[in-house]
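A short worksheet on the structure shown next.
Order of the sequence lines fixes the chain letters, A, B, ..., with proteins taken first and strands second; residue numbering starts at 1 for each chain.
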Amino acid sequence: MIDAASFPATLAQLEARIAAACTKANRPRTSVQLLAVSKRQPVEAIRIAYANGLRAFGENYAQELRDKHVECADLQGLRWHAIGPVQTKNAKYIAKAAHVFHALEKLEVAQALADRREGTPLDCFVEVNVGGEASKAGLAPSAVEAFVAQVRALPQLRVVGLMTLPPPDGDPRPHFRALAALAKTLGLQELSMGTTGDFEAAIEEGATVVRVGTALFGERPKPAAAATAP
Amino acid sequence: MTSRLILASASPRRRELLAQLGLIFDVSPADLDETPVAGESPRVYVERLARQKAAHVARANPGAVVLAADTTVVADGVILGKPADDAEGRAMLERLSGRSHAVLTGVAVSTGPALHSLVIETEVRFRTLRAEEIAWYVGTGEGRDKAGGYGLQGRAAAFIAAITGSSTSVIGLPLAETVELLQTAGVPFPWSPR
């Protein structure tokens, strides 16, 4: 786990890399949001990151997000991003606790989120499978326009952009470019793309949110033995 | 409801060329045997491959418009495909140095019932390349996944003394001709009336 003494230096290093990528891409630093991916990290790690100024945290698992939302209720201005796929039955946790959802691709999930959402609309990124790889999450590019039109009928949700996760091997740049081109054609402004291994390339290709976990918090702890009830 | 457009190619360059046109499309590469048939001319070869790729992906996607292409480099009547290794990449550039070669791209569009295709030929002339320059270029790895062992848009742009014909065809997709083929197939463009 990270410790309070070394985290400032780790964060400063990451910030320097993001700033350099923005300069290279001729983009203002403010155009890119750093999302600290805290999935499977203990709450203590989130508190240390928060103490160092970070406010946006990304969680993959709906129940973990729900639990951390409760445990971190005292941290003012913290914004939770749900970044993993969500089953319809768990949508209520996202609707209640998250500010942003990055993995929208199913209409029944959109409907479930809308039904349970109160207050400000939930910002949503539509997940796109740009490369057409089999068994990968995300809509095919040709299906995105119609899907966005359907989601726009739900006032509790606000589609803000597109998200993609390129395959782990190979050059991610063509995927980033394809997502950027698709967003531009559809008139969507935000691009959630780029993680620890490729965020600099993602920034160069227009990313507005980069999802960084390992470079901030180190390797994730192994999942604990199943001791809690489902 | 307009048909789905599918690009039957894994090439990131073809994907970008198509995306530049403001088109929305899915990607579904066709994995076919690309061995030339004995005695087959390069023009026949690239057109045959483009047609086969389009037809193959069209069969799996009824109702979609499928676009496929194949690019090959020809020097001294010899087809230069993607180099198998760095040694072959070096040999290809040595052959192309200081002279002209042809880049042929076959393009095919399937609308299900119909399969339209064409071949575009572009002449590319290289300046004379030094051995160290060739070794350096091969070392960058840029030419590894490209016909003829070089990429027009990358560092090899410095090799090109002249191009006669379609520049986008050399990159992998002759855009002017592709736009016309796609319009004939009924694909809506950003400027098409809705």
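Heavy-atom proximity under 4.5 angstrom to chain A picks out Pro12(B), Arg15(B), Glu16(B), Ala19(B), Gly22(B), Ile24(B), Phe25(B), Asp26(B), Val27(B) from residues 9-44 of chain B.
Atom CD of Gln13(A) sits in a sparse spot, with 12 or fewer heavy atoms from other residues, nucleotides or ligands closer than 6.0 Å. The 12-atom threshold is exceeded at CG of Asp85(B), counting heavy atoms of other residues, nucleotides or ligands nearer than 6.0 Å. By the neighbour-count criterion of 12 heavy atoms within 6.0 Å, atom CD of Glu108(A) is densely surrounded, having more than that number from other residues, nucleotides or ligands. Other residues, nucleotides and ligands contribute more than 12 heavy atoms inside 6.0 Å of the NZ atom of Lys92(A). No more than 12 heavy atoms of other residues, nucleotides or ligands shown are found within 6.0 angstrom of CD on Gln189(A).
For the set Pro141(A), Ala178(A), Gly131(A), Gly132(A), the count of heavy-atom pairs under 4.5 angstrom toward chain B peaks at Pro141(A).
Remark: Glu94(B) pairs with no residue by the salt bridge (charged side-chain N to carboxylate O under 4.0 Å, His left out) rule, at least two apart or across chains.
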